[in-house]
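All values reported here derive from a predicted model rather than from experimental measurement. The sequence lines fix the lettering, A, B, ..., with proteins before strands; numbering per chain opens at 1.
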Amino acid sequence: MSEEKSLNFIEEIIENDLKSGKYETLVTRFPPEPNGYLHIGHAKAICLNFGLTQKYGGYTNLRFDDTNPVTEKTEYVNSQQEDIQWLGFQWKNELYASDYFDTLHGYAVQLIEKGLAYVDESTAEEIATQKGTPTEPGTPNQYRDRSIEENLELFAKMKAGEFEDGACILRAKIDMASTNMLMRDPIIYRIKHAHHHRTGDAWCIYPMYDFAHGQSDSIENITHSICTLEYVSHRELYDWFITQLGIFPSKQYEFARLNLTYTVMSKRKLLQLVNEGLVSGWDDPRMPTISGLRRRGYTPESIREFCERIGIAKRENLIELSLLEFCIREDLNKKATRAMAVLDPIKLVITNYEGDGEILIGENNPEAEDKGGTREIPFSKELWIEREDFMEEPAKKWFRLAPGAMVRLKFAYIVKCENFVKDADGNVTEIHCTYFPESKSGSDTSGLTVKGTIHWVSTKHAKTAEVRLYDRLFSVVSPDAEEGDFKEYLNPNSKEVLSNVYIEPALAEATLGTGYQFIRKGYFCLDKDSTADHLVFNRVVSLKDGWKG
RNA sequence: UGUCCGAUAGUAUAAGGGUAGUACGACAGUUUUUGGUACUGUUUGUCUUGGUUCGAAUCCAGGUCGGACAACCA
């Protein structure tokens, strides 16, 4: 009866390690560099790392990989923390690679003392040339055989600030002929007279990624250091430092990063979109950032579900955006309060309706167990309906309004289209209907049956709102794979603003962070730009549309 | 021309020598006061060539294709 969900390759490794007693406690970490906002690809890594320790016990650290002072900012630290917590995860320890600068410096000295590191005064260009190519070995230079004493002295001077940026660097002495370019005496410390967001001006030398990451993992007793595929070739170096230093042997495992159709994911490109004003900011609802998705109306649950469904493997992948959309529809279908809004209005007059109108009762969510309660919806003689719900010359399987056709007004009556009015340009401006008083929703004794039900808002009671419709940011499946500048492939219609949308009165009480379904139109949420007298809604995603006209 | 990683329906992901399964998508139908939801059905797949084996998606060898690697970035 145990419907065992199959394990991904990392879970298999962990189960084996736990079973064999190699580790008692699983420790993972999520290690972002605080140089940008987190995106859906990071969400995959977050769900993986935190999800693993939730499943197997143990804990996950949040460690900021802040070894490059010129790109990092506290603003990013804060946003990254907010995003992780919003996704629903809590780290055990908040740590920084910069916490380990002293230790790391000590490790470097140890390496020098073992004759495994040297100070190189070559220029960046010389070093690049000497490095060789993937198919040709590198060549050692004259600095490689300096004495330990001289190296120690020079490194001390580097630390003391006696050199300009770029004057020299500290390299590990490994193998200039290695088939792995990273093993050809990698740079481990460089000089940067720059202000660090946490250590201030205490340091002018900073460790490179390869000299900081594995050791930081080791210091924290990380058992499984999970990263993306582009670090595969770094693993040899990762292990080499740990072995030479004789410290806790964290192990690195790599999985394939997430790629999404019609999206770019690299921080560099996302930053470009922000800086060049092509989007409104990191949290533009079209951005694949966590903050963008949040503002768009995605829920943490839907993103976690998405990360669960895409799986973890080592092959390159390109996930269809439709899966993300499925996940948010599935979640919001159960949660979203239903309401009526007319995005593209046209007036409907019920010619035989007498009186001031009436109050109807509507279910807030037929998918919720308690139906989400009910609300009052005012109805009257004149209504706004969706322009696209009327066709002067109906198509084949048209269920909606057309001359002589009948539809039900959601929560209200069945009406029959008797007539319509056109302006001088031939545009329909008004639709005239008659209604059947005995067809009232919930107490219909008319015996009439109709195929179509349309939504509406009473003109007299309608409130107005701005609605922002979003579509994919790019018009090609894989902007990264296209020739030329990726920005040439931006979808010019990715955002459409409707400034005069009619909404039913109940929607005037909408709150930030709540999901709404505008019946027949899609899922929406209030935007942070909204004010009491100017409501702004974002469309999260449309409903699946079964009508193929 | 080197080293490393990978290859299963349109997209992802299982099956770990023994029936190729699941999800999303697409298509069709049932239900429905949302052309939504729910439910049912259909559709399409092991990169290739050999080998081992009673039996191979799985193990072995060659090939093909895709990706990564030559930042004082992470």
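Residue contacts shown for A:Tyr231 include a base, since a base heavy atom lies under 4.0 Å away. Nucleic acid contact for A:Ala313: sugar-phosphate only, since backbone atoms but no base atoms lie under 4.0 Å from a heavy atom of the residue. Within 4.0 Å of A:Ile319, counting heavy atoms only, lie sugar-phosphate atoms of the nucleic acid but no base atom. Across all strands, A:Thr71 comes closer than 4.0 Å to no nucleic acid atom at all (heavy-atom distances). As judged by a 4.0 angstrom heavy-atom cut-off over every strand, A:Lys397 is placed among the base-contacting residues. Within 4.0 Å of A:Arg329, counting heavy atoms only, lies no atom of the nucleic acid at all.
Relative to the side chain of A:Val232, the nucleotides B:A12, B:U11, B:C5 differ in distance, and B:C5 lies closest. The side chain of A:Thr179 sits closest to B:G2 out of B:C24, B:G2, B:A7. The side chain of A:Ile187 has B:C72 as its nearest neighbour among B:A12, B:C72, B:G36. Among B:A74, B:A70, B:G2, the nucleotide with an atom closest to any side-chain atom of A:Met208 is B:A74.
When the P atom of B:G66 is taken as reference, atom CG of A:Leu318 falls 16 Å away, rounded to whole Å. Whole-Å rounding puts the A:Asn259 CG to B:A12 P distance at 9 Å. Atom-to-atom, NZ of A:Lys451 to P of B:G35 comes out at 12 Å; the value is rounded to the nearest Å. Atom CD in A:Glu230 sits roughly 20 Å away from atom P in B:G66 (whole-Å rounding). At whole-Å resolution of the value, NE2 in A:His234 and C1' in B:C69 are 8 Å apart. Rounding to whole angstrom units, CG of residue A:Asn68 and P of B:A74 are separated by 5 Å. Counting to the nearest Å, the C1' atom of B:U37 and the CD atom of A:Glu363 are 13 Å from each other. Atom C1' of nucleotide B:U34 and atom CD of A:Glu504 are separated by 13 Å, given to the nearest angstrom.
Only the C1' atoms considered, B:U32 is 12 Å distant from B:C39, to the nearest whole Å. The C1' atoms of B:G45 and B:U40 are separated by 24 Å, rounded to the nearest whole Å. Between B:C59 and B:U53, the distance separating the two C1' atoms is 10 Å to the nearest Å.
Not less than 6.0 angstrom separates the ring centroid of A:Tyr516 from the ring centroid of A:Phe524.
In this structure, A:Phe306 has no ring-ring contact (aromatic ring centres under 6.0 Å, His included) partners at least two apart in sequence or on a different chain. By the side-chain contact (heavy atoms from CB on, under 4.5 Å) test, A:Ala167 pairs with A:Phe163, sequence neighbours left out.
Between A:Tyr37 and A:Trp282, the ring planes lie parallel to each other; the angle is under 30°, not in the 30° to 60° tilted range.
Below the 3.5 angstrom threshold, one finds a donor paired with an acceptor across the side chain of A:Glu367 and the base of B:G36.
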Practice problem: Could you summarise the pairing of RNA chain B as dot-bracket text, marking Watson-Crick and G-U pairs under 3.5 Å with ( ) or [ ] inside the strand and | across strands? | Solution: .((((((..((((....[..)))).(((((.......)))))....(((((..]....))))))))))).....

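Residues A:Ser439 and A:Asp444 bring no donor and acceptor atom of their side chains to less than 3.5 Å of each other.
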